[in-house]
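Data first, discussion second: the structure below is written as structure tokens.
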Amino acid sequence: MKLLSGLDSTAVSPGETAGDGEAWPGVADPAGLLSGITEWLTGYGNHQTRRTYAEGLGLPVTAADIGAWLRPRTGAHDQWAEAVADYAQAVIIPPAAKSAGRTGPPPASRGRLRACHWLRWCAANGVDPSVATSAQVKTWLRDLESAGAAPSTRDRMLATVKTMYSSLADTGLVAANPAALDRRRLGLTAAAASTSATITLTTRQVAALHQAAGTPRRGASACDVARSVAIVALFTLGLRVSELCGLDGADLHVTRGRRALRVHGKGGKVRIVYLSVPAERALMDYLALRTDGTGTEVVTGAGRRTRNSDLPLLVTRGGRRFSRQAIWQLLRRIAAAGGPDLADVAEAMHPHALRHFYVTAAVEAGASLEHVQADVGHASIDTTSGVYDHAARDPARSAVDLVADAWHVDGA
């Protein structure tokens, strides 16, 4: 209930729009449904995980948006206000936790599919989610497809909705799980059995990307160039883009005589990632240029001097933490300037391509799947194996040239 004091209690009712388009679907018992969702969310111990699931369903996740749900707590609205307060407690990271240290990677920007998140879609289409049917879930999936959502995206969003309804069904808030559908029949698992759509980079292309990042460019300072090189080099360690953005200065340390990063991955899991020689050189060169020369202080965007350990490891020109989108755009710009070696892949360059490169290059170099799994932070070795198996194979692993040699006659 303490979080209520920081929220605006004069805004709209559950059935009206709130904030930047936040909407709570009109249901017979909105407080009961919200309480059921909150109970499900609190089953996850990590605040960031709860926030991710709530955002994926179309629920508000900021204090301002949640505050727009509230009315003065009188009369019939007492129950709703109590439900909102409990929900806020579940999804908003407490200020004390923020001041105490890490809160996880920064949240992703709200994307083009936001209006199609399940509870938002229900509100827009007059569907009461507490009595939704499988037919309505299928209609929602078709609308997602029409909006341009990839099969993997639809599969992930369906999985979230299915998990929520499973919990609501267990507590008796809904009669059945309308999202318990056959994903294969819906065509949502086909992509998992085929070659990944992520481009498979060659070692030559990664070297070209690294070289392009270090090429001086108009309007870029020496620090800007060094930062670009560091970002490309760190991605060759198999990091996720969210993990890269979430790194703090304190995560860089020395263990067993070697520099390493303390990487905070999915689900709050922490792993140690050792720096390769080029990654260490690139990162230290950047940090040396970023400091005031002492190696211990930097000037933030606000003009304050702060210890490196108290700041993000990688910062923009303004001293802010990088967003995923900014990293993605930077890689595209670097690839576009990478010359002939990157011409065919520049427009498809993505941070995940470098993560995939780490897995494929490591396995083909003879590393064990168990070691690669630990390096990249996959929860299951099957995921690591899947990334390798579904990547486009190295041409040397194909018999196509042997077959051509068997039948082709020069000049024929």
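We use all heavy atoms of the structure for the numbers below, so side chains are in, but hydrogens, waters and symmetry mates are not.
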*asked:* So S130 and L173, do their side chains get closer than 4.5 Å, heavy atoms only?
replied: no
*side-chain contact (heavy atoms from CB on, under 4.5 Å) against T38, all qualifying residues, sequence neighbours excluded*: L34, T42, D86, Y87, A90
*asked:* Restricting to salt bridge (charged side-chain N to carboxylate O under 4.0 Å, His left out), what partner residues turn up for R50, sequence neighbours left out?
replied: none
*Return yes when atom CD of Q211 has more than 12 non-hydrogen atoms of other residues, nucleotides or ligands closer than 6.0 Å, and no otherwise.*
no
_I'd like to check the salt bridge (charged side-chain N to carboxylate O under 4.0 Å, His left out) partners of R256; sequence neighbours left out, ordered by chain and number._
none
*With a 4.5 Å limit on heavy-atom distance, are the side chains of L261 and L234 in contact?*
yes
*Should L239 and L247 count as side-chain neighbours, where that means a heavy-atom distance under 4.5 Å?*
yes
_Distance check, rounded to the nearest 0.5 Å: L141 atom CG versus S134 atom OG?_
10.5 Å
*Taking all non-hydrogen atoms of both residues into account, name the closest pair between V345 and Q205 and its distance.*
CG1-NE2, 3.8 Å
_Contacts of D143 that satisfy salt bridge (charged side-chain N to carboxylate O under 4.0 Å, His left out) - sequence neighbours left out_ = none
*Could you pull out the closest heavy-atom pair between A83 and A31, with the gap in Å?*
CB-O, 3.7 Å
*Donor-acceptor pair, R290 side chain versus A226 backbone, under 3.5 Å?*
no
*side-chain contact (heavy atoms from CB on, under 4.5 Å) against A222, all qualifying residues, sequence neighbours excluded*: L289
_Tell me if a side-chain donor or acceptor on Y165 pairs with a main-chain N or O of P129 at a distance below 3.5 Å._
yes
_Classify the ring geometry of W121 against W118: parallel below 30°, tilted from 30° to 60°, perpendicular beyond 60°._
parallel
_Point-to-point distance, once rounded to the nearest 0.5 Å, from CZ of R227 to CZ of R317_ = 7.0 Å
*Donor-acceptor pair, R262 side chain versus A250 backbone, under 3.5 Å?*
yes
*Main-chain N/O of K162 paired with N177 side-chain donor or acceptor, under 3.5 Å*: yes
*More than 12 foreign heavy atoms under 6.0 Å from CG of D182: is that the case here?*
yes
_Pairing residues for D341 by the side chain to side chain donor-acceptor pair (under 3.5 Å) criterion, not counting sequence neighbours_ = R204
*Would you confirm whether R321, through its side chain, and L314, through its main-chain N or O, come within 3.5 Å as a donor-acceptor pair?*
no
*Side-chain contact test, heavy atoms from C-beta onward, threshold under 4.5 Å: evaluate it for D251 versus V263 and give yes or no.*
no
_Residues in side-chain contact (heavy atoms from CB on, under 4.5 Å) contact with R258, at least two apart in sequence or another chain_ = Y274
*Quick check: does any side chain N or O of W140 sit under 3.5 Å from a backbone N or O of C116, one acting as donor and the other as acceptor?*
yes
*asked:* Testing the 3.5 Å rule here: is there a donor-acceptor pair between the side chains of D155 and S152?
replied: no
_Spacing of CD1 belonging to I231 relative to OG1 belonging to T236, to within rounding of 0.5 Å_ = 12.5 Å
*Strictly by modelled atom types, are R333 and S228 linked by a side-chain donor-acceptor pair under 3.5 Å?*
no
_Closest non-hydrogen atom pair between L252 and M284, with its separation_ = CD2-SD, 4.1 Å
*Check for a donor-acceptor pair, side chain of R114 on one end and backbone N or O of G58 on the other, with a separation under 3.5 Å.*
no
*By side-chain contact (heavy atoms from CB on, under 4.5 Å), which residues pair with A169, not counting sequence neighbours?*
V174
*What do the steps show when you test V273 against D375 for side-chain contact (heavy atoms from CB on, under 4.5 Å), and what is the final call?*
CA-CA 6 Å; V273 174; D375 286 345; over 6 Å; no
*So, does D285 use its side chain to make a donor-acceptor pair with the main chain of A282 at under 3.5 Å?*
no
*For the residue pair F235 and R355, establish whether any side-chain heavy-atom pair is separated by less than 4.5 Å.*
no
*Would you say R332's side chain and M349's backbone share a donor-acceptor pair under 3.5 angstrom?*
yes
*asked:* Taking ring-ring contact (aromatic ring centres under 6.0 Å, His included) as the definition, give me every residue that meets it alongside Y53, ordered by chain and number, with sequence neighbours left out.
replied: W40, Y44
*Could you tell me whether the side chain of L244 reaches within less than 4.5 Å of the side chain of L313, counting heavy atoms only?*
no
*Can you tell me how far the CD atom of Q373 sits from the CZ atom of R271, to the nearest 0.5 Å?*
11.0 Å
_Just to verify, what does F357 make a ring-ring contact (aromatic ring centres under 6.0 Å, His included) with, not counting sequence neighbours?_
none
*Taking all heavy atoms of V225 and all of P216, pick out the closest pair and write down the distance.*
CG2-CA, 4.1 Å
*asked:* Taking E55's backbone N and O only, do any of them form a donor-acceptor pair with H117's side chain (distance below 3.5 Å, no angle check)?
replied: yes
_Is there a side-chain contact between H352 and V241 in this structure, where contact means two heavy atoms from C-beta onward sitting under 4.5 Å apart?_
no
*Is atom CD of Q136 surrounded by more than 12 heavy atoms (other residues, nucleotides or ligands) closer than 6.0 Å?*
yes
*Does any non-hydrogen side-chain atom of T153 lie less than 4.5 Å from one of L144?*
no
*Can you see which heavy atom on L237 is nearest to which on A279, and at what distance?*
CD2-CB, 4.0 Å
*For R142, salt bridge (charged side-chain N to carboxylate O under 4.0 Å, His left out) partners two or more places apart*: none
*At what distance, to the nearest 0.5 angstrom, does OG1 of T49 lie from CG of L41?*
10.5 Å
_Could you measure the distance from the CG atom of L119 to the CE atom of M164? Nearest 0.5 Å is fine._
5.5 Å
*Residues two or more places apart in sequence or in another chain: which of them pass side chain to side chain donor-acceptor pair (under 3.5 Å) with H253?*
none
*asked:* Would V232 and V206 count as a side-chain contact (heavy atoms from CB on, under 4.5 Å) here? Give the steps.
replied: CA-CA 9 Å; V232 171; V206 172; 5.5 Å; no
*Quick one: closest heavy-atom pair of L181 and V137, and the distance?*
CD1-CG1, 3.7 Å
_Audit row: D170, S167, side-chain hydrogen bond (donor to acceptor under 3.5 Å, both in side chains) steps and yes/no_ = CA-CA 5 Å; D170 287 343; S167 175; 5.8 Å; no
